[in-house]
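Okay, so here's the structure we're looking at.
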2 protein chains.
Amino acid sequence: MTSSRDEFALLDETWSSVEPPAARRMLIAAAAAFSVRGYHATTTRDIAAQAGMSPAAVYIHYRSKEELLFQISRVGHATSLSVLTAVSDADPVVRLTSAVRAFASWHAEFHTTARVVQYELTALTPEHLAEVVVLRRRIEAAVREMISAGVDAGAFDVPDVRGATLAVLSLCIDVARWYQPSGRRTPEQIGDLYADLVLRMLGAPTTP
Amino acid sequence: MTSSRDEFALLDETWSSVEPPAARRMLIAAAAAFSVRGYHATTTRDIAAQAGMSPAAVYIHYRSKEELLFQISRVGHATSLSVLTAVSDADPVVRLTSAVRAFASWHAEFHTTARVVQYELTALTPEHLAEVVVLRRRIEAAVREMISAGVDAGAFDVPDVRGATLAVLSLCIDVARWYQPSGRRTPEQIGDLYADLVLRMLGAPTTP
DNA sequence: CTCCATACTAAGCGGTTGCTTAGGCGTAAG
DNA sequence: CTTACGCCTAAGCAACCGCTTAGTATGGAG
């Protein structure tokens with residue numbers, strides 16, 4: 001299965017810094033399983049089997065199944081935040097365009113991680129959720145500031161900045177739900193499409 | 001808890017045609033639980049307790065826990081399709097505007113049902129999923145046709161109709177994920193906001 | 001070689017799961 | 001009064017869950 005191998009190669013890219021290798025294999029197996037079946041439908045035996053180890057091996061590297069989820073969610077949120085804020089162009093229009101392109105295409109390319117990040121929040125303990133919510137607020141603030149900067153520069157025509165922020169974020173995040181690697185669009189094409197749609201939504205002068 | 005009573009009143013509105021009353025109470029309890037905790041994290045004992053009955057009572061009215069989910073998903077999809085296609089205005093711009101307003105605000109007001117509809121598809125059996133996918137395709141086709149009609153009438157400026165359809169649907173559906181009754185926007189305000197944003201996205205001349 | 005820490009497995013424990021069985025209770029027809 | 005039927009519960013079964021325990025293999029330090 002080629003697509004399955006690609007899948008795991010991409011997950012490996014995201015989690016390459018996790019050591020030791022057995023702990024990384026567990027995380028990758030858990031992310032793949034949580035993404036497809038959901039946290040509650042995934043058993044620790046599933047994860048261990050996918051990682052090629054016994055069920056008890058999970059608990060050598062992680063305190064609980066929930067801690068596995070938390071690590072995926074924490075690193076996933078941090079990664080998506082850094083993807084969003086990596087652009088530092090002076091022009092607010094260019095900055096937002098690049099940010100949306102990168103953020104949307106990340107949710108496609110890394111949809112396995114992104115699905116866990118976006119749709120398994122309710123399975124986290126209150127303490128872990130609180131930690132992740134801090135990152136989510138920073139993601140929202142980053143988008144809002146980029147839109148605000150464009151409005152202040154006279155580049156955008158937005159009557160409701162909070163509402164526009166909500167919509168832009170919502171649009172990008174939902175990519176993780178519907179994206180399929182077998183679909184007709186590549187992550188890059190999705191990024192380009194969404195960057196254009198967002199500029200229109202924000203009333204930026206059309207660049208022909 | 002006032003908000004909890006409102007919650008159940010709204011669910012009652014959606015499921016009022018289900019008979020007998022005990023079966024309806026089960027459906028409502030299941031929808032509320034699936035929406036908050038997810039299908040797999042909800043036990044048949046949870047559902048029965050919320051409906052004020054014994055665990056075995058579930059199986060008087062439904063063959064399995066999955067059939068409970070299927071009924072919620074099937075009726076929920078059918079309802080959202082009829083909300084989307086209820087508008088029959090001749091003008092394609094008015095038609096799409098009204099449809100988006102209604103579809104987006106439905107995902108807010110009935111977010112409990114909408115969450116089950118949008119996020120628990122993977123828990124359905126293959127047969128039940130296939131039945132629901134037919135409805136999903138009709139929902140997508142309805143939006144695509146409305147956008148196409150606007151393009152044909154020269155009212156929209158859309159380079160990629162399929163892409164625009166994807167984005168419009170995605171935007172509305174994701175309302176179910178982030179909406180909170182305690183939030184700062186009412187379902188109607190969300191509908192108005194989204195109708196405006198979608199018109200901008202589709203390059204419709206701004207109506208001041 | 002001994003010692004010990006690390007990484008792992010086989011086996012299993014207590015608790016929970018979806019669902020079944022056997023039977024009770026009320027109502028209405030015969 | 002008897003019978004039959006629809007709706008419900010008490011009790012429980014087999015399977016499965018997250019996680020623990022006891023023990024094994026490995027490899028490097030002294």
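Order of the sequence lines sets the chain letters (A, B, ...), proteins ahead of strands, with each chain counted from 1.
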Sorted by number, residues from residues 53-61 of chain A placing a heavy atom under 4.0 Å from DNA chain D are A:Ala56, A:Tyr59
Of all heavy-atom pairs linking A:Ala48 and A:Val58, the shortest is CB-CG2, 4.1 Å
Here the salt bridge (charged side-chain N to carboxylate O under 4.0 Å, His left out) pairs for residues 128-141 of chain A, sequence neighbours left out, are A:Glu140-A:Arg144
B:Asp46 CG to C:dG18 C1', in whole Å, measures 12 Å
A:Ala51 backbone acceptor or donor facing A:Arg25 side chain under 3.5 Å: yes
Here the distance between atom P of C:dG18 and atom OH of B:Tyr62, to the nearest Å, is 17 Å
Atom CG of B:Leu69 and atom C1' of C:dG18 are separated, to the nearest Å, by 15 Å
Item to complete: Without swapping roles, check the side chain of A:His77 against the backbone of A:Ser73 for a donor-acceptor pair under 3.5 Å.
Response: yes
When rounded to whole Å, the CZ to C1' distance for the pair B:Arg37 and C:dT16 reads 15 Å
Rounded to whole Å, CD of A:Glu66 lies from C1' of D:dC17 at a distance of 17 Å
When rounded to whole Å, the CD1 to C1' distance for the pair B:Ile47 and D:dT9 reads 18 Å
The complete set of salt bridge (charged side-chain N to carboxylate O under 4.0 Å, His left out) pairs with one or both residues in residues 95-104 of chain B, sequence neighbours excluded, reads B:Arg101-B:Asp192
B:Arg24 CZ to D:dC7 P, in whole Å, measures 14 Å
Separation of C:dT16 atom C1' from B:Lys65 atom NZ, nearest Å, is 12 Å
ask   = Between B:Asp160 and A:Arg185, is there a side-chain N and carboxylate O pair less than 4.0 Å apart?
value = yes
